[in-house]
Protein chains: 2
Amino acid sequence: MKTVQLHSAKKNAVACHNCSLSELCLPRGLNRDELELLENSINKTVKIKKKDYLFHRDDAQQSIFAVKAGAIKTSLSTPDGEEQILGFYLPGDLLGFDAFARDRHTCDAQALDDTLVCELSMENFQELCGKLPIMRGQMMRQIGVEIEREQMLLLTLGQMRTEERLATFLSSLSERNRERGFSPAEFNLPMARHDLANYLGMAVETLSRMFSRLQEENIIAVQHRLVKISDMNRLKQLAHHTCRPASDVLPSA
Amino acid sequence: MKTVQLHSAKKNAVACHNCSLSELCLPRGLNRDELELLENSINKTVKIKKKDYLFHRDDAQQSIFAVKAGAIKTSLSTPDGEEQILGFYLPGDLLGFDAFARDRHTCDAQALDDTLVCELSMENFQELCGKLPIMRGQMMRQIGVEIEREQMLLLTLGQMRTEERLATFLSSLSERNRERGFSPAEFNLPMARHDLANYLGMAVETLSRMFSRLQEENIIAVQHRLVKISDMNRLKQLAHHTCRPASDVLPSA
DNA sequence: CAAGTTTTTTGATGTAAATCAAAACAATGC
DNA sequence: GCATTGTTTTGATTTACATCAAAAAACTTG
């Protein structure tokens, strides 16, 4: 349960320009020298075992991380032990921006599975941002993605009821898979029910019931962590049109 | 209800080094030339009337804004017209970072009252970030503040009961006032009940009942938008869930 | 592969908060 | 001043979801 020792393992390194995630990480328009500068700045393939922490709340910020394989969850916890999961980070996602306010992380980051990450030290991050405007733009874009993600979750927690929350989650995970060239209709959930329920602000029992409900309605088929979406249209309907109890059909004023 | 025409009004400008918010905006350690560069980059005192929009969702990002007087709310809305308020921006707060992901704003920003903002165009923002590492650091810090703020709200919406949510909100507004040299025990709420209820993810009626409850318990006294905190300890106890950094030391078990 | 542990699902019941309804209270205009 | 409109509070009722309880799967481990 201790934070993993980083700044290690260069073995098994894959150069950025060969990495399958390069389209996500690498800005276009870097010349040879700039690319080399970037490659030399990154500590490749740090390994984190399942349930180990990438960082803890109040840790001094060392780096920005990019997930290469596996999955990370970030969470805040309260003095009395309640936690709120803030995000799930899958291959291609960047994390660590939370520490910008105080140079210390504001949340915990724990591996949901054995995980590989690239590490960009803050020192190198600063240097890259100073020297390469393109890299700075790319980083700003990633920060924007982080802010947008949190805003969507706020909308979900604040306005939707439980079935809609799950439909929204499944729908956006499906969309994400599609964007990355995986099947949008069939995929494995990277997290346990407990974590997903917490993330979506509901009890595990409620989440389970909502899975059952979507299954009964023939919108999805679930077994364990495998989800098959059989009626994408209806799923997206549930996710988009908030089906208010009484009047779903409002006369357009 | 139209987005205000900006890039105007240099009249009534107050130079940055004379502005009462300078401690919030200005990084330390800028020399004469650097300060001048900053001052020339900023379009001062743009006026927005109550209920006008500073920007809309999908607007191309023109600028980063700093609130000088008044108040701004940002919100997301769903296709069916439900909205979720994401944040309230008071004097000294910066907003506009949401657009980093796509160069377009992801939310709406509306004035809750007649409001003054400073405007820093993205062009100048980029230039400052490139030329002045100190400014870049300051901006990164502000982005971190934004991320942290959203994370706290996620915890609030996901884990707390309604009374706790209100207690947390009042407690942190009080804290904010204290930090800025205003009374932590007596202040005016900058927003209507409707907006606060939405922000805190509850019905207006519930919010009203929670105000009444806190008043019955002699923790606060409210009349309209004026709030007096009569028992700060008990308020903070109720807001106990909230994890704040170093300053928040709770003496009780 | 049986025995234990953890995770997930299903069922019964309780409750916090939403919704419905209306009064009290401000703000605005003529 | 009184009517008009919008905001906030209070009360009665409903409900979506949490909680409690336990069975059923699914992973462990000897």
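Residue numbering restarts at 1 for every chain, and letters A, B, ... go by the order of the sequence lines.
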Let me know the distance between [atom1] of [X] and [atom2] of [N], rounded to the nearest Å.
X        : N      : atom1 : atom2 : answer
A:Met160 : D:dA16 : CE    : P     : 17 Å
B:Met210 : C:dA17 : CE    : C1'   : 8 Å
A:Leu189 : D:dA26 : CG    : P     : 15 Å
B:Leu200 : C:dA18 : CG    : P     : 11 Å
B:Gln159 : D:dC17 : CD    : P     : 16 Å
B:Met202 : C:dT19 : CE    : P     : 13 Å
B:Arg161 : C:dA18 : CZ    : P     : 13 Å
A:Glu163 : D:dA18 : CD    : C1'   : 18 Å

Where does the angle between the aromatic ring planes of B:Phe169 and B:Tyr199 fall among parallel (under 30°), tilted (30 to 60°) and perpendicular (over 60°)?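 The rings of B:Phe169 and B:Tyr199 stand perpendicular, inter-plane angle above 60°.
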Quick one: does B:Thr168's side chain have a donor or acceptor within less than 3.5 Å of a partner on B:Leu166's backbone?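 No; zero donor-acceptor contacts below 3.5 Å.
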If only atom types and distance count, is the side chain of A:Thr206 paired as donor or acceptor with the main-chain N or O of A:Met202 below 3.5 Å?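 A pair under 3.5 Å: no.
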Could you list the protein-to-nucleotides 5-10 of chain D atom pairs, N/O on both sides, closer than 3.5 Å?
unit_1, atom_1, unit_2, atom_2, d
D:dT8, OP2, B:Arg193, N, 3.2
D:dT9, OP1, B:Arg193, NH2, 3.3
D:dT9, OP2, B:Arg193, NE, 3.0
D:dT9, OP2, B:Ser208, OG, 3.2
D:dT9, O5', B:Ser208, OG, 3.1
D:dT10, OP2, B:Ser212, OG, 2.4

Could you walk me through whether A:Cys118 and A:Thr45 pass the side chain to side chain contact (heavy atoms under 4.5 Å, CB included) check? CA-CA 5 Å; A:Cys118 279; A:Thr45 61; 5.8 Å; no
Looking only at heavy atoms, which two atoms of A:Pro91 and A:Gly70 are closest? And how far apart?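 Distance-wise, the nearest heavy atoms are CD-O, 3.3 Å.
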How far apart are the C-alpha atoms of A:Lys73 and A:Asp195, what are their side-chain angles, what is the distance that settles it, and do they pass the salt bridge (Lys or Arg N to Asp or Glu O under 4.0 Å) test? CA-CA 9 Å; A:Lys73 72 169 180 182; A:Asp195 283 337; 3.2 Å; yes
Are B:Arg193 and B:Phe211 in a cation-pi contact, defined as NZ or CZ under 6.0 Å from the six-membered ring centre and within 45° of the axis?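 So B:Arg193 does make the cation-pi contact.
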What residues, two or more places apart in sequence or in another chain, satisfy side-chain contact (heavy atoms from CB on, under 4.5 Å) together with B:Thr106?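 B:Thr106: side-chain contact (heavy atoms from CB on, under 4.5 Å) contacts with A:Glu148, A:Gln151, B:Arg57, B:Asp98.
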First encountered from the 5' end of DNA chain D, between A:Arg213 and A:Gln223: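 That would be A:Arg213.
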Run the salt-bridge test on B:Asp231 and B:Lys236 with the 4.0 Å N-O cut-off and return the result as yes or no.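 Salt bridge: no.
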Would you mind reading off the bend of the helix from C:dC1-D:dG30 to C:dC30-D:dG1 from its two end axes, five pairs each, to 10 degrees?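 Rounded to the nearest 10 degrees, the bend comes out at 40°.
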